[in-house]
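Heads up: the structure comes next, in structure tokens.
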Amino acid sequence: MFILCKRLFPALFLFLWFTVSHAQGGYELWLNYRKTENPETLEHYRTHLLSVVMDENSETVDAIREELSTGLGLMLDSTVSFISEIPEKNSLVIRKTENLPSGLRNTLKKDIATIENDGFLIRASGNTVIITARKDVGLLYGTFRLLHHLQQGLPLRNLRILDIPKTDIRVLNHWDNLDRTVERGYAGASIWKWHRLPGYIDPRYKDYARANASVGINGTVLTNVNASALVLTPAYIEKVAALAEVFRPYGIKVYLTARFSAPMEIGGLQTADPLDPGVRQWWRDKVDEIYKTIPDFGGFLVKANSEGQPGPQNYGRSHVDGANMMAEAMAPHGGIVMWRAFVYSEHDTTDRAKQAYNEFVPLDGKFMENVLVQVKNGAIDFQPREPFHPMFGAMPHTPLMMEFQMTQEYLGFSTHLVFLPKLYEEVLQSDTYRHGKGSLVARVVDGTLDNKKISGMAGVANIGSDINWTGHPFAQANWYGFGRLAWDPYLSASQIADEWLRLTFTNDNNFIKPVKNIMLESHETVVDYMTPLGLHHIMDTGHHYGPGPWVGNLSRPEWNPVYYHKADTAGIGFDRTPSGSNATAQYAGEVAATFNNVKTCPEKFLLWFHHLPWDYKLQSGNTLWDGLGIRYQEGVNRVREAQKTWAVMEPYVNKQQFEEVRMLLGIQHEEAQWWRDACMLYFQTFSKQPFPEEMETPLHSLEYYRSLKFPYAPGISPQWH
């Protein structure tokens, strides 16, 4: 017996360590079900949720039952009872509208009539709580919403939540490579273990699906937009099918990135010309093959004729020719094509910000109905701040799908705390004026501005193999926030931050209020210490880690930071008004007029649209030079304030997460100073002016900062690529 215990103890210890490590490390994300602390609230919940009545079995209903067993079991500190008949009181009823008893259906008639697509209704009636929907997946979404309601300690009395997603396609874009490296990934390796699939199903895949479904995400693009044709071969299609099997009960479809040259690389053809009959037939056959294995396959995401990726322009064809060829193959199966508008050419020397608009807007109305053009939130490339992309609202006959980035490629990677829903909100609430005042970007994205038949939003994932999924504990909020805004683009960042904090940590307002304030200020903080007043794309070469405003030796002009800030002895900034590149002409007249006039242009975009002298007077009365230095310093100061706030939050979070955030804020503070010092020292070589008195003395020389190299920064392709 003693020998047996000696053998078992190490294994038991390892299991317990692994379980506690996952729990303390944030593996559960916002699905951190914990016992309801308030005794009155706990009794209130138990009174209403003594038993659960559910619909007939399906894979999705089974997933609901499992989630309730875990969630309610932990929050109510009791075993959940599932029964087949609805009692007179004290129950949770989860049934599709068609399966509700006639009495309940009549009571809820008005609400039920408005439920559409994946929407759901949660309604408390007496001591009974009802979740109903048209589809099983709607019941799943409603279940997660109820669990989130309980996690936040909110009352059930008079509860009525009627929620219908405002966009159709709500997907994560994984920039994961088949060798498990992740382009612009900062949270470990890819979670897709291709070498083990299809035989081995990592339990993490199911938890990934749960997390996505809990915020309404209904699709995942598994592979990098810089695509490999191998993922379309039979061996990989079988692997993709195994993932689809795991995701299906959670309402999540799988999508793949399609390399345009695949007919040549894996099909043995001599061309990939989209008008070639043999090429068109190859794509039809390939799509048929995929759907035979994965009947609910979502479709393709395509990056073509961008940054060296092959595309229809290689053959003198248009984006329409390429997208419609694939869409034609998809149409019989109900699949879609998401065609990225991120294009810029070394042959166009005017202004990189204008190129996507120039290429795509003339094609409006020529794409097939199952094509969505996927447009980044701004015209350059996921910068800390950009004005909204001028394509939004400019293509009334083509569905435009928003592309946000959750992974922090230009925002300090996963070492900086940046709550990106503030950025998303700023973009979505921007007014395009395409149909007069109120023509919000959100209305373009959800299709209501021009009555589009299909709509969508994509987010470049920040997910990796780290225990906490996203590297930085607070980066989980960007995944959560993206899902919430993809479901409803009109939600506020403040509401999202409040929800996420309560679901993830605690409902104690002594924690919520100060930490929420850190989150809501964090985006402005990072903009200030990286790219204040409309500066952009001044990161170092390739890896985009840290400042590199001096870089000007790259082979293409638009790859160089000096192309964007244009600092000289006369001033700084990129003139995009009619006296410069005239990029403002791509916006509606009201927006263009605002940006063109230096007095009405928002100062947050000042140097995006104007080249101004160093002594230009800002609204504060400071000169542009002094204002830059003050903004850089304010960014540093706010990181310090965040450190002070977090230092007293230890009682409210577990030790592992407290220490992790504390250390990361320390790194962020050092790097904020690095950004301030390197940029201001470099720009001083042009301004020839002393630093403003509000700005601290740089810690090192400009030569020191220019000497720093980071050949092994994460998120860039290894040498074998």
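Across all their heavy atoms, Phe360 and Arg340 have their closest contact at CZ-O, 3.7 Å. Shortest non-hydrogen contact noted between Gln374 and Asn173 is NE2-OD1, 2.9 Å. Closest of all the heavy-atom pairs between Leu485 and Leu491 is CD2-O, 3.5 Å. Of all heavy-atom pairs spanning Arg631 and Pro532, the tightest one is CB-CB, 3.6 Å. Across all non-hydrogen atoms, the minimal contact from Leu664 to Pro473 is CD1-CD, 3.9 Å.
Judged by distance alone, the side chain of Asp677 and the main-chain N or O of Leu699 form a donor-acceptor pair under 3.5 Å. At least one donor-acceptor pair closer than 3.5 Å links the side chain of Gln476 to the backbone N or O of Gly26. Without hydrogens or angle criteria, Tyr563 side chain to Arg352 main chain gives a donor-acceptor distance under 3.5 Å. Remark: side-chain polar atoms of Ser306 are not paired, donor with acceptor, to backbone N or O of Lys303 under 3.5 angstrom. A side-chain donor-acceptor contact under 3.5 Å links Arg170 to the backbone of Gly216. No donor-acceptor pair closer than 3.5 Å links the side chain of Thr645 to the backbone N or O of Pro514. Side-chain atoms of Ser190 never come within 3.5 Å of backbone atoms of Asp176 as a donor-acceptor pair (strictly under, hydrogens ignored). Remark: the backbone N or O of Trp608 is paired with a side-chain donor or acceptor of Arg576 at under 3.5 angstrom. Remark: the backbone N or O of Ile512 is not paired with any side-chain donor or acceptor of Asn509 at under 3.5 angstrom. When atom types are taken as modelled, the side chain of Asn507 and the backbone of Gln151 share a donor-acceptor pair closer than 3.5 angstrom.
In this structure, Lys566 is not positioned above the aromatic face of Tyr564 in the sense of NZ or CZ being under 6.0 Å from the six-membered ring centre and within 45° of the axis.
Between Tyr682 and His565, the distance from one ring center to the other falls under 6.0 angstrom. In this structure, Phe609 has its ring center at least 6.0 angstrom away from the ring center of Phe574. Residues Tyr587 and Phe595 place their aromatic rings such that the two centres sit under 6.0 Å apart. Aromatic pair His416/Tyr529: ring centres closer than 6.0 Å. The aromatic ring centres of Trp550 and Phe686 sit 6.0 Å or more apart. Ring centroid separation for the pair Tyr186 and His472 does not come in under the 6.0 Å cut-off. For an aromatic pair to be called close, the ring centres must be under 6.0 Å apart, and Tyr545 with Trp674 satisfies this.
For the atom pair CH2 (Trp646) and OH (Tyr652), the distance works out to 11.5 Å, reported to the nearest 0.5 Å. In this structure, the separation between OG1 on Thr541 and CG on Asn553 is 6.5 Å, given to the nearest 0.5 Å. Considering NZ of Lys655 and CD of Glu650, their distance stands at 8.0 Å, rounded to 0.5 Å. Summarising the geometry, atom CD belonging to Gln383 is positioned 5.0 Å from atom CE belonging to Met539; distances are rounded to the nearest 0.5 Å.
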Side chain to side chain contact (heavy atoms under 4.5 Å, CB included) between Phe474 and Ile518, worked out:
CA-CA 11 Å; Phe474 277 78; Ile518 291 175; over 6 Å; no

Tell me, with the steps shown, if Arg638 and Glu524 meet side chain to side chain contact (heavy atoms under 4.5 Å, CB included). CA-CA 9 Å; Arg638 281 200 297 274; Glu524 201 68 44; 4.0 Å; yes

- Query: Are Asn468 and Gln657 close enough, and set up right, to give a side chain to side chain donor-acceptor pair (under 3.5 Å), and what steps lead you there?
  - Reply: CA-CA 10 Å; Asn468 71 0; Gln657 288 181 315; over 6 Å; no

inquiry  = Assess the residue pair Phe505 and Trp500 against the criterion (ring-ring contact (aromatic ring centres under 6.0 Å, His included)); give the C-alpha distance rounded to whole Å, side-chain angles, the decisive distance to 0.1 Å, and a yes or no.
reply    = CA-CA 8 Å; Phe505 295 108; Trp500 179 80; 5.6 Å; yes

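Shown here are the side chain to side chain contact (heavy atoms under 4.5 Å, CB included) partners of Ser522, two or more places apart in sequence or in another chain: Leu417, Phe419. By the side chain to side chain contact (heavy atoms under 4.5 Å, CB included) test, Glu425 pairs with Lys422, Gln429, Ser492, Ala493, sequence neighbours left out. Contacts of Trp30 classified as side chain to side chain donor-acceptor pair (under 3.5 Å), with partners at least two apart in sequence or in another chain: Ser214. Residues passing the side chain to side chain donor-acceptor pair (under 3.5 Å) test with Lys376, sequence neighbours excluded: Asp381. With sequence neighbours left out, the side chain to side chain contact (heavy atoms under 4.5 Å, CB included) criterion links Gln633 to Val636, Asn637, Arg640, Arg676, Met695, Glu696. Residues forming a side chain to side chain contact (heavy atoms under 4.5 Å, CB included) with Thr350 (at least two apart in sequence, or on another chain): Asp348.
Taking 4.0 Å as the cut-off between side-chain N and carboxylate O, Asp498 and Arg502 count as a salt-bridged pair.
There is a side-chain donor-acceptor pair under 3.5 Å between Ser494 and Lys516. Residues Gln656 and Glu660 have side chains that never bring a donor and an acceptor to within less than 3.5 angstrom of each other. Inspection of the Ser620 and Asn622 side chains reveals an N or O donor paired with an N or O acceptor under 3.5 Å. Inspection of the Gln355 and Glu359 side chains reveals no N or O donor paired with an N or O acceptor under 3.5 Å. Thr470 and Asn462 share no donor-acceptor pair across their side chains, judged by distance under 3.5 Å alone.
Between Tyr344 and the choices Lys354, Glu307, Glu558, the side chain to side chain donor-acceptor pair (under 3.5 Å) rule is met once, by Glu307.
No more than 12 heavy atoms of other residues, nucleotides or ligands lie within 6.0 Å of CD in Glu37, so this atom counts as exposed by the packing criterion.
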